**Q** 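My questions all concern the structure below.
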Protein chains: 4
Amino acid sequence: MMNEFAGISGDRLRSFVERIEKLESEKITLTEDIKEVFSEAKGTGFDVKIMREIIKLRKMDPNDAAEQAELINVYKRALGMQTDMFSQAAE
Amino acid sequence: MMNEFAGISGDRLRSFVERIEKLESEKITLTEDIKEVFSEAKGTGFDVKIMREIIKLRKMDPNDAAEQAELINVYKRALGMQTDMFSQAAE
Amino acid sequence: MMNEFAGISGDRLRSFVERIEKLESEKITLTEDIKEVFSEAKGTGFDVKIMREIIKLRKMDPNDAAEQAELINVYKRALGMQTDMFSQAAE
Amino acid sequence: MMNEFAGISGDRLRSFVERIEKLESEKITLTEDIKEVFSEAKGTGFDVKIMREIIKLRKMDPNDAAEQAELINVYKRALGMQTDMFSQAAE
DNA sequence: CTGCCATTTTACCGGC
DNA sequence: GCCGGTAAAATGGCAG
């Protein structure tokens with residue numbers, strides 16, 4: 001009854017909200033840490049912009065080869081061809 | 001070479017794909033046009049974020065908008081946040 | 001092989017990059033945790049979208065929030081949209 | 001004076017808003033057109049999901065080779081190496 | 001109806 | 001300090 005409006009519990013809501021806010025503040029800390037590392041690297045002579053490129057490319061790189069291969073299979077499947085010789089024949 | 005496998009035509013596939021890509025590129029053009037209008041409005045002193053909010057509200061069913069606003073107030077009250085200018089405690 | 005060019009160390013670069021990638025992966029974990037909390041709240045009957053709005057408001061400076069709300073009303077009035085329950089024309 | 005509140009012109013605002021809404025409605029039309037093409041393709045026996053894959057991969061494909069090459073140059077630049085033999089020597 | 005993916009919006013960062 | 005572009009978050013739409 002107390003701390004409840006229109007059928008929702010203020011305590012439960014507050015608990016969820018505060019948990020999220022705590023996690024978000026931890027994220028902000030990490031963001032700051034990352035900035036510091038960039039800053040330190042910059043002070044050592046590295047180019048921050050290029051470092052960001054490297055990190056971005058490292059993230060996507062592993063996918064590219066697979067994607068190239070996938071494209072071929074995708075076309076084959078689209079055209080109704082088997083994509084490998086072990087494909088299931090009938091179920 | 002024959003552009004056909006398992007009775008499915010690569011030409012037909014290509015045709016569909018290209019039609020879609022054409023439509024998608026037109027969508028991108030419109031997206032850019034919209035950005036330009038926002039940019040022009042901004043240059044004239046309007047607040048773009050507020051404009052977006054207005055446009056969103058114009059799209060919404062008025063009842064839904066009211067319901068949503070009220071739900072926000074319910075949650076605010078549940079958390080003890082001020083919801084309107086008449087709610088502050090006596091001084 | 002020597003991992004060094006023009007007086008800059010590849011090892012140092014790698015070290016910076018890996019430190020950043022580690023921090024970024026921790027951020028991703030937190031992002032997932034946040035999603036889970038929202039999901040749990042949703043399962044308990046809360047409206048996630050409204051919760052997000054509440055959290056945003058709690059983050060904002062109250063004056064800024066009020067200013068923004070007022071600006072929305074200004075725009076609404078400029079367009080002849082109803083802004084409050086006392087503004088409807090006489091019946 | 002008329003149609004102006006708090007120093008903003010309702011007419012100018014309305015003009016911007018309506019231009020944007022018009023462009024948005026055209027976008028919606030295109031979205032519907034795209035859906036129809038997919039639907040037609042599906043009716044002809046194509047797998048929509050796979051078609052989406054194809055279109056997505058065609059969009060990103062041209063970038064991949066360039067990105068692979070870029071990664072190498074990016075590392076070189078990060079390590080202070082010249083990325084090509086014609087780089088400016090001194091200015 | 002739920003989760004997933006694309007789009008859209010917001011916030012951030014670096015350069016001018 | 002603004003502005004652009006770039007990455008993150010959030011919203012909405014679609015398939016299963």
Side-chain angles (χ1 to χ4, degrees), chain A residues 20-21 23-24 27-28 30-39 41-42 46-60, chain B residues 20-21 23-40 42-43 45 47-57 59-61 64 68, chain C residues 20-21 23-43 45 47-57 59-60 64 68, chain D residues 20-21 23-24 27-28 30-32 34-39 42 47-53 55-57 59-60 63:
Chain A
I20 289 163
E21 286 172 340
L23 292 165
E24 285 183 348
K27 275 185 72 177
I28 289 170
L30 286 171
T31 300
E32 288 163 350
D33 292 347
I34 289 168
K35 258 188 85 172
E36 279 176 41
V37 178
F38 274 120
S39 179
K42 184 177 184 174
F46 290 107
D47 182 313
V48 170
K49 191 174 152 80
I50 289 175
M51 285 181 67
R52 286 188 196 280
E53 284 183 75
I54 290 172
I55 290 164
K56 184 176 67 173
L57 290 173
R58 278 165 64 102
K59 266 201 274 274
M60 63 170 59
Chain B
I20 289 163
E21 285 172 341
L23 293 166
E24 286 183 348
S25 84
E26 291 171 24
K27 272 185 75 178
I28 290 170
T29 301
L30 286 172
T31 301
E32 289 163 348
D33 291 347
I34 289 168
K35 263 186 79 172
E36 278 175 42
V37 178
F38 274 120
S39 177
E40 185 187 342
K42 180 181 183 175
D47 183 313
V48 170
K49 191 172 169 185
I50 304 292
M51 284 180 68
R52 287 187 197 278
E53 181 69 21
I54 293 290
I55 289 166
K56 189 195 296 180
L57 288 169
K59 268 200 276 272
M60 280 182 88
D61 177 278
D64 293 348
Q68 183 165 299
Chain C
I20 290 164
E21 286 172 341
L23 292 165
E24 286 184 346
S25 84
E26 291 172 24
K27 275 186 70 177
I28 289 171
T29 301
L30 286 172
T31 300
E32 290 164 348
D33 292 347
I34 290 168
K35 265 188 77 173
E36 278 176 41
V37 178
F38 273 120
S39 178
E40 183 187 344
K42 181 179 182 176
D47 183 312
V48 169
K49 191 174 170 183
I50 303 292
M51 284 181 67
R52 286 187 198 279
E53 181 69 20
I54 293 289
I55 289 166
K56 189 194 296 181
L57 288 170
K59 269 201 277 272
M60 280 182 88
D64 293 349
Q68 183 165 298
Chain D
I20 289 162
E21 286 171 342
L23 292 165
E24 285 182 347
K27 276 184 73 176
I28 290 171
L30 286 171
T31 300
E32 290 163 349
I34 290 168
K35 262 187 82 171
E36 278 175 40
V37 178
F38 273 119
S39 178
K42 183 176 186 175
D47 182 313
V48 170
K49 191 174 152 82
I50 289 176
M51 284 181 67
R52 285 187 197 279
E53 284 184 75
I55 289 164
K56 185 174 66 172
L57 290 173
K59 264 202 274 277
M60 63 171 57
N63 303 323

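Being a predicted model, the structure only gives us computed values, none of them experimental. Computation of the quantities below employed the complete heavy-atom set of this structure, encompassing side-chain atoms and omitting hydrogens, waters and symmetry-equivalent molecules. Chain letters run A, B, ... following the sequence lines, proteins first and then strands; every chain starts at 1.
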**Q** In this structure, how many angstroms lie between the P atom of E/dT8 and the CD1 atom of B/Ile55, rounded?
**A** 13 Å
**Q** In whole angstrom, give the distance that lies between atom CE of C/Met51 and atom P of F/dA10.
**A** 12 Å
**Q** Just how far, in rounded Å, is P of F/dA15 from CD1 of D/Ile34?
**A** 13 Å
**Q** Could you write nucleotides 9-16 of chain E as a row of B, S and -, 5' to 3', where a protein heavy atom under 4.0 Å of any base atom gives B, of only sugar-phosphate atoms gives S, and otherwise -?
**A** SSS-SS--
**Q** Which distance, rounded to the nearest 0.5 Å, do you find between the CG of C/Asp64 and the CD of C/Gln68?
**A** 8.0 Å
**Q** Which whole-number value in Å describes the distance from D/Ile28 CD1 to F/dG12 P?
**A** 13 Å
**Q** For B/Gln68 and F/dA10, what is the distance between atoms CD and C1' respectively, to the nearest whole Å?
**A** 13 Å
**Q** To the nearest 0.5 Å, tell me how far B/Glu24 CD sits from D/Thr31 OG1.
**A** 9.0 Å
**Q** Return the minimal non-hydrogen interatomic distance between D/Ile34 and B/Lys27, and the atom names on each side.
**A** CD1-CD, 3.9 Å
**Q** How long is the line joining CD1 of B/Ile20 and P of F/dC14, in whole Å?
**A** 14 Å
**Q** Nearest whole Å is fine: how far is F/dC14 P from D/Glu36 CD?
**A** 13 Å
**Q** Nearest whole Å is fine: how far is F/dA10 P from A/Lys27 NZ?
**A** 7 Å
**Q** Return the set of residues passing side-chain hydrogen bond (donor to acceptor under 3.5 Å, both in side chains) with C/Glu21 (not counting sequence neighbours), or none when no residue passes.
**A** A/Arg58
**Q** Would you give the length of the straight line joining atom CD1 of C/Ile50 to atom CG of C/Leu57, rounded to the nearest 0.5 angstrom?
**A** 10.0 Å
**Q** Would you please name every residue forming a side-chain contact (heavy atoms from CB on, under 4.5 Å) with B/Lys56, sequence neighbours left out?
**A** B/Glu53
